[in-house]
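Sequence positions, counted from 1, serve as the residue numbers for this chain. The analysis underlying the following values was restricted to heavy atoms, covering all of them including side chains, and did not include hydrogens, waters or symmetry mates.
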Amino acid sequence: MLKATLRSFLAHKGRLALSALAVVLSVAFVAGSLIFSDTVARTFDRLFASTSADVTVEPKEDLKSRVPSGAVRTVPAALRDRVAKVDGVAAAHADVSVPYVVVVDRHDRSVGPTSGAPTIATSWYVTRRSPVKLTSGHAPHGAGEALLDADTAGKKHVRIGDTLRVQAQPGTFRVRVVGIATFTTTNPGSALVFLDPAVAGRELLGSADRATGIAVDAAPGVTDGELKRRVGEAIGPGPYDLKTADERAKSAAADLGGFLDVVKYVMLGFAGIAVLVGVFLIVNTFSMLIAQRTRELGLLRALGADRRQVRRSVLTEAVLLGVTGSTLGLAAGIGLAFGLIRLLSAFGMNLKATEMVIGWGTPVAAYAVGVGVTFVAAYLPARRAAGVSPMAALADAEVAGVGKPLKARAITGTLVGAVGAAALAGCATASRTGSAASLLGLGVVLTLVATVIAGPLLVRPVIRVLGGAFPALFGPVGRMSQRNALRNPRRTGATAAALMVGLALVGGMSVASASMSASFDRQIDKTLGADFTVQNANFMPFTREITDRVRGNEGVRLVVRQRFAPVAVRLPDGKRVTTTAAGYDTRLDQVAHVTYAAGDTAAALADGGLGMDAAFARDHGVRLGSTVTVGFPGGRTARMTVGALTDQDGSGGFGTQGGLFLGLAAVEKYVPGGQDAALYVDKAPGTGADALRARLERTLKPYPQVQVRDQADYKKLVHDQIAVLLYLVYALLGLAIVIAVLGVVNTLALSVVERTREIGLLRAIGLGRRQLRRMIRLESVVIAVFGAVLGLGLGLVWGVCVQRVLALQGMTALAIPWGTIVAVVIGSAVVGIVAALLPALRASRMNVLAAIAHE
């Protein structure tokens, strides 16, 4: 039996190749994601471990130690002198390191990375753990001198002697580049500007008496843990966190973990789609191969092979397919990880492909996925093959189940579909987001399973409609193509299911994204009344000089500032909620249209007043006129009266938990030194919008991080952000379509082999080569469009339910992108034509007499 199994596998290797390709794609994404994330994690672990000081003294992260928006948490620079005197300290440095500064050249062009990594200004001192070394020029001495890292200098064409402007919280200052520093470790993609330690605190923090941390090196023979204990005893209790090199490395790695998790889960999402769609392909392939090998299996049964041996033979072929696909997929995964590493290098994160990490878990996961998928997918065809009696097999009865009733499928599909439909109905009528989302997930899974189970039941009624015009348009060829698709509903349903899964996903997400865009458009039209909004490109706060420049423009009638502050609110129900409150100037009503459930803007922005989202207030027992205790950074507290409750379509008022907002005067009083996050600008009467925009953009040219937006720009920004998610879904769709095309190709190719004698007879009675190719193409098109109709119908239902969940968060608009739906249906027909090219060409080249003699 083993010899027969191996010979059978090798005899059908061409037919199994397309199924193996589905396994390869699945395994490649699993292996590639694991290798890539392990490599990045290991690289950064080494970076953090090699560059962290033995002990670091940092400011604590709690509300008391939090700082105004745009500021940096600090420790006293004098703390360095106390730490340096501790027994066991070899050296101590007052470190000044400020992320998200803005550096521009003399042409007002940004000298920072475009990948989203920060530009960091820091003090220059050299230790054995320094991540960079001075490779040209000299170290900075005094104010007005700086070093720049070599990667940034090369990309932005900055040379020694060039003048740069650095925009930090205290203000803007100029520096001359006096040297270039080159990374000795992995460059994480950031731009680094180094200043003389004697002036870094004053320029970056506004005071030479402040530092962002104290870096401590241990004397020989003193462990990091012991040094941490001694330093802690010396400085006593205070708003400080002490971390050893290992602890700091773990903390940094945990922060990096969020980015790695996103990459890993996105790639595993691709792997999941590949696995799901590949299952249909493998089931179909093995079902058809077994149908074609009916006589062979019957002879094995007649010669003495029992059912278990036949089933084991088919499953052994599946395992061989899985092992082959997993091996190739593991190799492809290594290549995929290599490509991702090179892609990161293009964005400035210079990982070394030679240090690629392939842990033992990667091949285990690869083979578990590849072999497991093929084994599970082949199990039902194997059982079906083992269930055929020797006499039925010798009579060449087809085991594919052409004539078997679909009663069991009808009952099972109806029951599962009814439960799924009930879950989706519950989702649409739920009043809480959590329960609605849970019901949505359950409903999506069950309706997908029900559609896959009941798919063959829908083949005959739907394809009769879809192919109803074929006889009139294409004559007998069209009629035969329609009947070929109807011949085996199970096979047609399984082939179309692969395409259905991807299109259901894209249909649902298209409706969801279109509804989100329409809801945001409606919200922007409803609430934003300002002619222009001035904001940082990454929504970070900006320096006050930008506000002053905007106010000084001719044609500006009104500027309303927005500023954020961290707060902790003690509510009447006893809960303490830490969130962020927004502060506004008193003339907010002139640039925004706020909908209130109770109260008004004047009461909310008055001295001692506070505004709050109505739904949040209701959940915590807050009413108009209630008094709550608000805690601010530095330990300051205030008793504030709720003067307004907003009702912004349930969107949380002003975009933060609780929708808290108050007067900007109160923010400046309790959180002094903050920076503005946005400016809402209205033009003066008689000033044209285009003219004012041109003036604002000319004024803000030295600040490339800041953008001037009107309502249309705001809508485009939201649409672009939503489009990122949609592009990911389209990429998943593309992968699903690739595998679905493989499935259609495989089905048609095996179907051509199965119908060799029939094709020969058709050719003998006068069917031309062109007509034969057209018949197979039409059969492929109707199967593909059938899958598209099922997928899009299911996806539209999912999308409407997703919109109902979004409506609970204030996104009440429902939009169905009919253009996308029509384009997908047309694209599915094209997919069917492409998938049929090779099988149709092969069929048309058959020798007529050999085909008639085929058994």
Side-chain angles (χ1 to χ4, degrees), residues 280 284 287-288 291 398 400-414 417 421 447-448 450-501 503-504 507 740-741 743-744 747-748 750-752 754-755 758-759 762 767 771-797 821-822 824-836 839-840 843:
F280 297 113
N284 228 18
S287 296
M288 296 183 70
E398 189 179 294
V402 174
K404 292 180 68 175
L406 299 172
K407 184 177 180 180
R409 281 180 175 266
I411 295 173
T412 306
T414 301
T447 51
L448 177 62
T451 307
V452 171
I453 293 173
L457 291 164
L458 302 172
V459 167
R460 287 196 171 100
V462 176
I463 286 187
R464 281 198 177 100
V465 173
L466 296 177
F470 281 7
L473 294 174
F474 305 103
V477 170
R479 184 176 294 107
M480 285 189 292
S481 66
Q482 184 189 31
R483 289 179 178 176
N484 284 337
L486 294 170
R487 176 183 295 186
N488 191 331
R490 281 184 172 83
R491 180 188 304 165
T492 300
T495 304
L499 190 60
M500 179 197 73
V501 172
L503 294 184
V741 168
V744 177
T747 298
L748 292 175
L750 294 173
S751 179
V752 166
E754 185 180 90
R755 304 197 314 248
E758 175 188 323
I759 290 171
L762 288 172
L767 187 70
Q771 290 175 308
L772 178 60
R773 290 195 294 268
R774 179 179 297 167
M775 181 184 74
I776 294 174
R777 284 198 299 269
L778 291 175
E779 179 184 350
S780 176
V781 166
V782 78
I783 291 173
V785 174
F786 170 68
V789 169
L790 287 189
L792 291 174
L794 196 58
L796 287 175
V797 174
I821 303 298
V822 172
V824 168
V825 173
I826 296 173
S828 300
V830 174
V831 164
I833 294 173
V834 171

Is there a side-chain contact between [X] and [Y] (heavy atoms, below 4.5 Å)?
X	Y	answer
T447	V797	no
L448	M500	yes
R483	R487	no

Note to self: Looking at S780 and A835, would you say the former's side chain and the latter's main chain have a donor-acceptor pair under 3.5 Å?
What the structure shows: no
Looking only at non-hydrogen atoms, find the nearest pair between [X] and [Y] and report the distance.
X	Y	answer
P456	I453	CD-O, 3.4 Å
A843	I776	CB-CD1, 3.5 Å
F786	A496	CD2-CB, 3.4 Å
A788	S828	CB-OG, 3.1 Å
R777	A836	CA-CB, 3.7 Å

Just verifying a value: how many Å separate [X] [atom1] and [Y] [atom2], rounded to the nearest 0.5 Å?
X	Y	atom1	atom2	value
I783	L499	CD1	CG	11.0 Å
I821	L503	CD1	CG	9.5 Å
R460	T492	CZ	OG1	9.0 Å
L486	S481	CG	OG	9.5 Å
F470	M480	CZ	CE	13.0 Å

